[in-house]
Each structure stands twice: as C-alpha cells, then as structure tokens.
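All values below were derived from every heavy atom in this structure, side-chain atoms included, with hydrogens, water molecules and symmetry-related copies excluded. Quick caveat, the model's predicted, so the values are computed rather than measured. Atoms within a ligand are numbered from 1 in the order they appear, just like the ligands themselves.
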Amino acid sequence: MNVPFVSFLPMEHELDTELRAAFERVYERSWYIEGKEDEAFEKAFADFCHVNYCVGTGNGLDALMLALKALEIHAGDEVIVPSNTFIATALAVTYTGATPVFVEPDIRTFNIDPARIEDKITEKTKAIMPVHLYGQPCDMTPIMEIAKKHRLYIVEDCAQAHGATYKGQRIGSFGDAAGFSFYPGKNLGALGDAGATVTNNEALAQKVRALGNYGSDYKYHHIYQGNNSRLDEMQAAFLAAKLPHLDKMNAERRRIAQLYLNGIHNKEVILPYVIPEAEPVWHIFAVRCKRRDELEKYLNEKGIGTNKHYPIPMHMQKCYADLGIQQGELPIAEEISATELSLPMFYGITDEQVQYVIDTINNFR
Ligand SMILES: *Cc1c(COP(=O)(O)O)cnc(C)c1O
C-alpha cells in the first residue's frame, strides 16, 4: 500500500465546485489586489479566530514580521522564540533588526517551556513569540502571566494551528497580535502563498495594513517605509471558499490522530503528548524515536511517506552562525531534530491507510 506524507487531492476534490467558482468570480470581476474578496475573507477569518481585526498579508513570515514592526520592535531589542520551530519565526524577528533569543521546549509537547522563559528575559526583551507547533496550543496561561509581569508583548505564531483552542479559546486571540500562514500545506491553505495578521487592537491592525502596503495609509501618501505584502483577491477567494470547511477538516485530523494514538504500540516510538487544556488541530503528527533514521527508511521502503520537522535546529543553521550558539547549548532542540519523525496526516487519508501505517510501525524492530 502507498501512503503519501500529504495529499491535497481529497480536499480539492470535495471543494472543486467552490474553488472553481471562486476563480471565475475574481476573473470575471477582473480586480486582483485590495478588493471585495480580501475584505470578505478578512472579516470571516477574524470571526473564525474570535478577534476584531484581520489583515491579509502575502505570506506567514510577513504576517509575523509586520506585527512585530507595528509593535515597534527594532534593532537592539530581543524577542523570545522557541529553539525548535520553522525558521520563519526567527527570521520575522531578524527582519525587524531585533535578535531572536531561543528558549527550549518541553520535549513532551514540543512547545516552548514556560518555566524556561524568565531565565532568558533581559532589559532588551520586548516580546515573546509562542509558536503553536504542529497544531498543539502552547500553555498560554503561564506565558501570559510572564508577559504581563515583565511588560512584554505576545505575538503568537499560529502558522500551524488554525482553529486550535486552549481552554476553549481560539489560539491567535491571546496575544497582542498573531500571524497565520496560508501556505498550501497548512491546515487552511491557499493555492499559493498567503498569510494574515490578527489582533484585537484597531490601531495596530491599521498599522500592519499600512506597513504591508508600502507604508501607505492613503493612496500615494507614505507614512512608513513599508513593504509590499498584501493578500491578493484570488487567494482570498480560495481561502473564503475553504474556511467554512476548516472545523470539519480539523475534526477529521483529530480523529486520525486518535487512531494513531490508540493504535501505535511500539516501545521504541514515543507518541506526542497533549496538555489537558488544549484542543490541537494536528498540522503534523510528530513521534520520536532514538533510531529515527532507521524507522524513516523502513517506513519509506514500505511505501509510507514521512518528513522531519525540522532536521537542523535554527542555532545550527548557517544563516544564524552569527548568533554564536554552539552545538550542545540547546540540547532539547537538538534532541528533537535528531529523533522527530512526522507521519502521514491530511484530510482524506483513509482508515485503511492509517491502519497500514500503525501496523507497519508496530512491526518495526
Ligand atoms: C509556515 C510557517 C511560517 C511561515 O509561513 P509562510 O507562509 O511560509 O511564510 C511561520 N511559522 C511557522 C511555525 C510555520 O510553520
């Protein structure tokens, strides 16, 4: 049997009529940037996240970077990020001129460990960026308490967790702002690049919008040296077509995750742990295994697609050599990079495929 790591086909098949209608509507109107589709999706996505404002951006990296810029984070500042995340979290900080400061995760949940944050706070610290990695909500209550005590901003990286909740509240609605990515593989994906910043702060939303539109608050009036990072009409229309199906598709991911959690019994394979306050959306189903590379090769040979998120921790990447962090300084991030394996997880994977993955893992010796 073949089980791809990810496939968009079942979802695209189910939404075929809606997606084609979205294309037709935009194409017939012949209006591609800053229009009705963008406005409608922003409103719908703000409602979905239970926040007041949503500003579409060109991608998730910009959604985070523009939020940090709007909060006036700049060179000389420090921003706390987890030591294990996709590089975009740290790059969003770097692009403002500020320095990312890595805090180790709780290895059971893969998310930033609130107990380790205060050690890394200095006079330069301006913000904390919790990343709801793999679709698992971070432990927000202690993180919010730390931020309040030290007067720090919170910018949530929600790129992998559209629709997840913590104590019943949607992630993205806890911080001063949050950034989402609609990269095609995300739980809510465009048919290209797209992103959004959400916030409850009206002034901040306006500033993010201006910063992503050449720093312009009014046509040809430029109040900031901004970027060009807008959500285009075509992608907004596709996203609006998909959004009403997101909760259902996330629920299906939860059902699949439960099959894995109940079915995988191999002493060598450590399953992900979910904190009781969280309802995750399983962007990625991440297991850990000491013999990860052997397990990966074995599964691939049996026709099962896998991935590693992420094979090289950020402090070991060439682009961050200037941070001067040595191998061994962030041992948990390094341990995760060396042992994490992502199993097939997507809307439309069949129960037979999931059972095959379970049986194959259980037979791994
Ligand atoms: C995908 C992702 C981003 C960046 O989103 P893009 O749309 O690819 O720019 C940021 N943070 C995390 C955790 C991501 O997974």
At under 4.0 Å between heavy atoms, which part of L61 makes contact with ligand 1: side chain, backbone, both or neither?
both
Nearest to atom 2 (C) of ligand 1, what protein heavy atom do you find, and at what distance?
K186 NZ, 2.6 Å
Identify, for atom 15 (O) of ligand 1, the protein heavy atom at the shortest distance, and state residue, atom and that distance.
Q160 NE2, 2.8 Å
Test: D139 and R108 ion pair at under 4.0 Å:
no
Among all protein non-hydrogen atoms, which one is nearest to atom 7 (O) of ligand 1, and what is the separation to 0.1 Å?
S181 OG, 2.6 Å
To check your reading of the model: name the closest protein heavy atom to atom 11 (N) of ligand 1, its residue, and the distance in Å.
D157 OD2, 2.8 Å
In this structure, which one of E340, E335, E268 forms a salt bridge (Lys or Arg N to Asp or Glu O under 4.0 Å) with K290?
E335
Ligand 1 atoms nearer than 4.0 angstrom to some heavy atom of N59 are 7 (O), 9 (O)
Which residue from A88, P82, S229 reaches closest to atom 4 (C) of ligand 1 through any of its heavy atoms?
A88
Could you walk me through whether R254 and E279 pass the salt bridge (charged side-chain N to carboxylate O under 4.0 Å, His left out) test, one step at a time?
CA-CA 9 Å; R254 278 197 286 276; E279 187 167 62; 3.7 Å; yes
Among G195, A63, A159, which residue places a heavy atom closest to atom 3 (C) of ligand 1?
A159
Thinking salt bridges, do K297 and D293 make one under a 4.0 Å N-O criterion?
no
Please tell me whether F180 and F48 form a close aromatic pair, meaning their ring centres lie under 6.0 Å apart.
no
Are any of the N/O atoms on G60, whether in the backbone or the side chain, positioned under 3.5 angstrom from an N/O atom of ligand 1?
yes
I need the single residue from L295, V357, V3, N300 that forms a side chain to side chain contact (heavy atoms under 4.5 Å, CB included) with T306. Which is it?
N300
NZ/NE/NH1/NH2 to OD/OE distance under 4.0 Å, K302 and D359:
no
Applying a 4.0 Å heavy-atom criterion (strictly less than), which segment of D193 is in contact with ligand 1: side chain, backbone, both, or neither?
neither
Hey, which atoms in ligand 1 end up nearer than 4.0 Å to a heavy atom of T85?
13 (C)
Evaluate K148 against E145 for salt bridge (charged side-chain N to carboxylate O under 4.0 Å, His left out), listing each step before the verdict.
CA-CA 5 Å; K148 196 168 169 203; E145 276 164 14; over 6 Å; no
